[in-house]
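Notes follow the structure.
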Amino acid sequence: MGDHMLEIKDLRVSFHTYAGEVQALGGINFTVGQSEILAVVGESGCGKSVTAQSILRLHNKDTIDYKQGEILYKGRDLLALSEKEMQKIRGREISMIFQDPMTSLNPTLTIGKQITEAILKHSDKEGNSTNQREANKQAAGLIRSVGIANPDLRLKQYPHELSGGMRQRIMIAIAMSCSPEILIADEPTTALDVTVQAQILDLMKALQIKSGASIVIITHNMGVVANIAQKVIIMYGGVVVEKGTSGDIFYRPKHPYTWGLLKSIFRLNKDKNEPLIPIDGIPPDLLAPPKGCPFAPRCDYAMKVCREQMPREYSFGSAHTCDCWLSDENCPLEVKDWRNGDVKYKQ
Ligand code: SF4
């Protein structure tokens, strides 16, 4: 197992739909270390949420098809576990929070009821006999730990009585109530305004330091990544196209899609007259994925080989990899500077 909490090995996942087989993940590999914060980045439909939900096996088993690969949690393959064994892992060892806390919280139950339910359920499974009174006390402590004042009042309130930021804090409190080893956060700040986003990220960082949990954060927002992640994987069209440390991705990016993502975000050191550049085109149709590189139809550098063969993985140091033919030593293109996209042919 090494020091990996989680290891995804060559994971291929499809969904069976009326329109045909959607090839959602095309063989992805990555690891999450102990107490590490990993960000999984990409546009909608790139496979990042499928990856997150596959870890907890949350998909409908009648439509999902795990075609190949392993999801190793502390060395155990989660795909090989029975549903009963998975239930012991969900929430207690691996927790998840979602984009919109309003749809994750039950609108008909008080916040206190929802937090204490989670505490009591997991204490039962562990054979502890936490009573309602102790659970209430723990719930108040959890609410305080996620930075919400006046916990006794909040415990009596319903979700609609709280702001979006507070509801997301409550979801984090519920997710952390069983001291999970891994917290998966699927677009946890997308529904929130910018200042609240920053507060939620600060909270997640603080809780990670305190608890030592590993965090997998799923996002389409490179700003979120810069704030929180130590390691980053960039996904496109159901595959990982680049991965590395935060420094690798922000300062030494190798893949044209990563360049596109970086050029499309606002940075404080950017010249105010310099425009934000969107990535033209649309993501590939995963009902009929392209034969070669999935980014080829949108890539300024696409060559003949790109349309015919999937690029292999190239390494740049211990953690940094990129799946792009531009990284091949025989590539005829010379890329001068990704910021101005100057394409030159080698002599
Ligand atoms: Fe562009 Fe080719 Fe690299 Fe794909 S493999 S990103 S098409 S240069």
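When a ligand or atom number is given, it counts from 1 through the structure's own listing order. All heavy atoms count here, side chains included; hydrogens, waters and symmetry mates do not.
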Open item on the list: Counting neighbours of NZ on K137 that are heavy atoms of other residues, nucleotides or ligands and sit closer than 6.0 Å, is the number greater than 12?
Closed with: no

Open item on the list: Applying a heavy-atom cut-off of 4.0 Å, say which part of C324 lies close to ligand 1: side chain, backbone, both or neither.
Closed with: both

Task: side-chain hydrogen bond (donor to acceptor under 3.5 Å, both in side chains) between H16 and E21, intermediate numbers included - done: CA-CA 5 Å; H16 296 292; E21 182 182 335; 4.8 Å; no

[X] neighbourhood, listing ligand 1 atoms whose heavy-atom distance to it stays under 4.0 Å:
X	answer
C306	2 (Fe), 5 (S), 7 (S), 8 (S)
C299	1 (Fe), 6 (S), 7 (S), 8 (S)
H255	6 (S)
A296	7 (S)
P256	6 (S)
W325	3 (Fe), 5 (S)

Task: Residue that, paired with M204, satisfies side chain to side chain contact (heavy atoms under 4.5 Å, CB included) out of I228, T189, I209, I37 - done: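 With M204 as partner, I228, T189, I209, I37 yield a single side chain to side chain contact (heavy atoms under 4.5 Å, CB included), made by I228.
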
Open item on the list: As a check for students: among L326, D323, D300, identify the option with a heavy atom nearest to atom 8 (S) of ligand 1.
Closed with: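 It is L326 that holds the nearest heavy atom.
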
Open item on the list: Between E117 and K121 (salt bridge meaning N to carboxylate O under 4.0 Å), is one present in this structure?
Closed with: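 So E117 does not pair with K121 through a salt bridge.
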
TODO: Report the relative orientation of the aromatic rings in F295 and H255; use parallel for angles under 30°, tilted for 30 to 60°, perpendicular for over 60°.
DONE: tilted

Open item on the list: Quick check on atom 4 (Fe) of ligand 1: does C293 put an N/O/S atom closer than 2.8 Å to it?
Closed with: yes

Task: Audit row: R298, E43, salt bridge (charged side-chain N to carboxylate O under 4.0 Å, His left out) steps and yes/no - done: CA-CA 13 Å; R298 303 170 79 182; E43 291 164 289; 3.0 Å; yes

Task: Candidate pair Q68 and D10, rule side-chain hydrogen bond (donor to acceptor under 3.5 Å, both in side chains), full reasoning - done: CA-CA 7 Å; Q68 187 181 307; D10 198 17; 2.4 Å; yes

